Protein chains: 2
Amino acid sequence: MKLLLAEDDVDFGNILSQYVTLSGFDVALARNGREAWDLFHESRPDICVLDVMMPEMDGFTLAEKLRAEEPGVPFIFLTAKSLREDIIKGLKLGADDYITKPFDPEMLMLRINNILRRVYSAAEDEYTISETTLKYNSLELITPSGKERLTLREAQLLRHLMINRNKAQTREQILTEIWGQDDYFLGRSMDVFISRLRKYLSGDRGLALRTLRGIGFILEEVN
Amino acid sequence: MKLLLAEDDVDFGNILSQYVTLSGFDVALARNGREAWDLFHESRPDICVLDVMMPEMDGFTLAEKLRAEEPGVPFIFLTAKSLREDIIKGLKLGADDYITKPFDPEMLMLRINNILRRVYSAAEDEYTISETTLKYNSLELITPSGKERLTLREAQLLRHLMINRNKAQTREQILTEIWGQDDYFLGRSMDVFISRLRKYLSGDRGLALRTLRGIGFILEEVN
DNA sequence: ACGGGAGGTTAATACAAGGTTAATCCTTAT
DNA sequence: ATAAGGATTAACCTTGTATTAACCTCCCGT
């Protein structure tokens with residue numbers, strides 16, 4: 001899991017960064033808003049922790065720009081202010097959480113994990129639908145016709161479809177979620193993976209990976 | 001959207017309940033943990049707001065039981081304590097948010113809306129009129145005579161008519177809205193789709209897709 | 001009651017979306 | 001440097017569906 005931390009207080013930033021790294025995150029640390037903007041594009045983080053008051057670009061403005069570019073990315077505001085107006089402004093921007101300094105790093109970690117669990121359902125490892133179960137971390141797929149070892153992309157795509165079972169997923173949604181961007185060739189690549197997944201899943205009559213022409217795909221449980 | 005509010009302070013509970021109702025929620029108000037547990041089963045809320053300290057059953061215990069029964073339901077803790085241990089306990093339970101009293105009702109609303117947006121972002125997908133419902137994203141149409149799988153254009157057109165039910169839609173309006181432009185041939189194309197939709201909808205006597213000659217079409221509920 | 005135009009219906013066609021397989025390009029490890 | 005594994009690109013094929021066409025019906029004005 002990659003995390004972008006934007007904090008202008010150098011010492012505090014370093015301590016926080018260390019703490020979060022220890023918890024198993026891949027951290028990108030920015031000293032100001034502009035740097036954060038650049039780092040965001042380089043590292044494509046899964047979650048952003050933004051100080052509100054920073055030189056170059058404040059956290060609110062940054063969040064707005066990030067939202068516009070990558071709507072799904074969750075973010076947490078960090079601030080010394082506990083002013084009602086600021087908190088409300090942050091929440092209106094769709095912040096997933098808002099923490100006022102001083103705070104306990106352990107609490108930050110808990111909040112981060114909560115959000116990630118919610119957003120990515122990342123705490124789970126086993127996903128089961130019908131007769132088929134995916135062990136995500138070990139890339140194993142167990143179907144009525146036997147075990148398969150998946151590749152990373154196969155597993156990512158299948159997991160996404162399993163998490164969103166019975167819900168239509170547009171091509172854009174899947175591409176931005178799994179591939180990080182949406183262009184023609186990645187779309188064709190996805191089609192190749194869908195084709196492969198169908199082969200793996202063909203032994204299980206209790207589910208169907210249907211295409212919704214012009215929209216996307218859906219992994220359905222059928223009676 | 002239905003909300004379950006569990007709060008033992010009667011006055012405060014009422015004020016909050018009123019405020020949340022004004023924001024368009026359907027509120028179930030419980031005076032203690034046990035009542036909340038019962039109300040939860042009756043009203044199946046989309047989100048729960050739980051006071052931590054309540055008679056009969058405290059908020060934490062309640063949340064655990066709710067989680068076990070209905071893992072997807074988001075909840076927010078409300079508490080007078082700002083003890084670090086308590087907050088951490090709440091977050092460990094997977095609380096979607098944690099608010100310490102005293103707080104601003106407006107802020108509660110903002111947090112509620114943030115969480116709902118995140119959790120139910122895939123909403124706004126089902127349209128129902130009379131006995132017929134359209135699941136737009138999965139292109140499914142459920143009528144008294146059974147399920148149908150629609151095409152994209154069929155679904156777009158039907159959705160437009162359902163959104164504007166009981167309102168006359170001119171040919172021009174529909175064409176510019178759905179097809180992006182308005183010419184003779186697209187008009188004939190639309191007639192083909194109207195014809196198909198009528199077939200799909202023929203099993204439902206509670207609605208009529210009528211022609212307004214020289215003007216356009218209207219999807220009406222008839223009693 | 002007749003003619004014309006608006007809309008209904010069905011079938012034929014063209015084309016774009018997606019399926020499939022193979023080739024190629026990258027990474028990574030040795 | 002090379003090999004292996006995996007992702008992407010390419011090429012070709014299939015199929016679903018929006019459009020177009022052709023013909024029909026019905027309504028409305030004269």
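Please read these numbers as outputs of a predicted model, since none were measured by experiment. Chain letters run A, B, ... following the sequence lines, proteins first, then strands; residues in each count from 1.
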Using the 3.5 Å cut-off, write out each protein N or O paired with an N or O of nucleotides 15-21 of chain D and the distance between them.
residue : atom : partner  : partner atom : Å
D:dA18  : OP2  : B:Thr151 : OG1          : 2.7
D:dA18  : O3'  : B:Arg153 : NH1          : 3.2
D:dT19  : OP1  : B:Arg153 : NH1          : 3.4
D:dT19  : OP1  : B:Trp179 : NE1          : 3.3
D:dT19  : OP2  : B:Trp179 : NE1          : 2.6
D:dT19  : OP2  : B:Ser189 : OG           : 3.1

Cation-pi check, A:Arg188 onto A:Phe185 ring (under 6.0 Å, within 45° of axis): no

Touch class at under 4.0 angstrom, heavy-atom based, for B:Phe217 against every strand present: sugar-phosphate

Spacing between A:Asp191 atom CG and D:dC13 atom C1', to the nearest angstrom: 14 Å

Length of the CD1-C1' vector between A:Ile174 and D:dA7, whole Å: 17 Å

Could you tell me whether the side chain of [X] and the main chain of [Y] form a donor-acceptor pair under 3.5 Å?
X        : Y        : answer
A:Asn137 : A:Asp125 : no
A:Asp204 : A:Glu131 : yes
A:Arg198 : A:Leu209 : yes

Parallel, tilted or perpendicular: rings of B:Phe77 and B:Phe75 (30°, 60°): perpendicular

DNA chain C: 5'-proximal contact among B:Gly214 and A:Arg171 (nearest heavy atom): B:Gly214

Along DNA chain C, first and last positions that approach a heavy atom of chain A under 4.0 Å: C:dA17 to C:dT21

Passing candidate, side chain to side chain contact (heavy atoms under 4.5 Å, CB included) with A:Leu141, options A:Leu197, A:Thr133, A:Leu134: A:Leu134

Euclidean distance, B:Leu108 CG relative to B:Leu3 CG, rounded to 0.5 Å: 8.0 Å

No-hydrogen, no-angle side-chain donor-acceptor test under 3.5 Å, A:Gln156 and A:Arg153: yes

B:Thr132-B:Ser130 side chain donor-acceptor pair, cut-off 3.5 Å: no

Presence of salt bridge, A:Glu56 and A:Arg31, under 4.0 angstrom: no

Bend angle of the helix from C:dA1-D:dT30 to C:dT30-D:dA1, from helix axes over five pairs at each end, nearest 10°: 40°

